[in-house]
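Some notes on the structure that comes next.
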Amino acid sequence: MPFLVQSLIDVQRDIYLTFADTIRAFASGGGWLDLATFLPMAIVFGAVHAMTPGHSKTVLATYLAGSTISVARGLAVSLTLSFTHVLMAVIIALFSLPLISIALGSVGRAPAMENISRSLLGLIGLWMLWRAICGHRHCDGDNKGLLVGIVAGLIPCPLTLFVMIFSMQRGVTEAGLAFAAMMMLGVATTLSTVALATVFFRQALAALIASHPLLLNRVSRVIEGLAGLILVLIAFRTVAVS
């Protein structure tokens with residue numbers, strides 16, 4: 001496992017160094033055609049980056065495992081998370097560049113946003129725990145699923161932030177935005193894969209025990225309760241450490 005993570009980090013480093021050279025060339029008068037030929041690599045960059053620890057994959061899988069939403073809704077939650085995750089980094093870079101050294105507690109992190117995100121997820125976890133204990137099982141609404149995606153995505157993507165700052169410092173913000181948009185597609189690819197795998201597994205488990213309605217209800221409540229407990233623990237750990 002450490003070897004796999006290191007390999008992913010190495011791939012990211014190589015792409016980032018190539019990106020830096022491309023941006024320098026673009027800032028020095030290079031054309032959009034040269035930049036466009038490199039942009040597909042940003043999709044790979046985003047997908048590989050999202051495979052590394054973080055990016056709310058655990059939160060996404062935990063929520064979907066404990067919910068009752070469909071494949072389509074699960075996919076929508078993952079896409080919402082991906083969009084918010086990258087967008088937050090772009091917003092921070094565009095509107096807070098002079099304050100970044102103050103706003104960020106350490107390189108690539110935004111502690112305040114982490115605390116807000118995890119605290120809200122903790123509340124969702126408590127709600128899931130209450131529902132599991134009381135036995136209120138019903139279909140999760142679209143709005144709540146999308147809300148989970150937004151809340152989990154409030155933590156900005158650190159590499160998107162680096163890319164945006166690097167581009168803005170060289171006066172080619174538009175190049176950073178183009179790269180960030182492609183990165184979002186890559187992040188969405190990885191998170192959507194996690195979402196689909198989780199929902200399919202949950203549905204397969206439900207089908208396996210569908211002939212025992214009482215058992216299915218109990219297992220569903222246990223899974224939802226565990227999912228809620230995990231979200232609460234993640235929230236507590238994040239806020240306590242900070």
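Source: prediction; values computed, not measured. All heavy atoms count here, side chains included; hydrogens, waters and symmetry mates do not.
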Quick check for you: to the nearest 0.5 Å, what is the distance between Thr62 atom OG1 and Lys57 atom NZ? 12.0 Å
Non-hydrogen side-chain atoms of Val199 and Leu75 separated by less than 4.5 Å: no
Considering all heavy atoms of both residues, which atom of Ile23 and which atom of Ala175 are nearest to each other, and what is their separation? CD1-CB, 3.5 Å
Exercise answer: donor-acceptor pairs, residues 180-190 side-chain atoms, under 3.5 Å, sequence neighbours excluded:
unit_1: Thr189; atom_1: OG1; unit_2: Leu185; atom_2: O; d: 2.8
unit_1: Thr190; atom_1: OG1; unit_2: Ala47; atom_2: O; d: 2.8

Would you mind listing every side-chain hydrogen bond (donor to acceptor under 3.5 Å, both in side chains) that reaches into residues 17-29, with sequence neighbours excluded? Asp21-Arg24
Walk me through it: do Phe19 and Phe45 pass the test side chain to side chain contact (heavy atoms under 4.5 Å, CB included)? CA-CA 10 Å; Phe19 162 80; Phe45 192 38; over 6 Å; no
List the residues meeting side chain to side chain contact (heavy atoms under 4.5 Å, CB included) with Phe200, not counting sequence neighbours, and say none if there are none. Val71, Leu196, Gln203
To the nearest 0.5 Å, atom CZ of Phe26 lies from atom CZ of Phe38 at 13.5 Å
For Leu60 against Val77, the heavy-atom pair lying closest together: CD1-CG1, 3.8 Å
All heavy atoms of Ser82 vs all of Leu191, minimum pair found to be OG-CD1, 3.3 Å
How far does CD1 of Ile165 sit from OG1 of Thr173, to the nearest 0.5 angstrom? 11.5 Å
Who passes side chain to side chain contact (heavy atoms under 4.5 Å, CB included) against Thr198, sequence neighbours left out? Ala61, Leu64, Ala65, Val194
Name each donor-acceptor pair under 3.5 Å that joins a side chain in residues 145-164 to protein atoms two or more places apart or in another chain, with its distance.
none

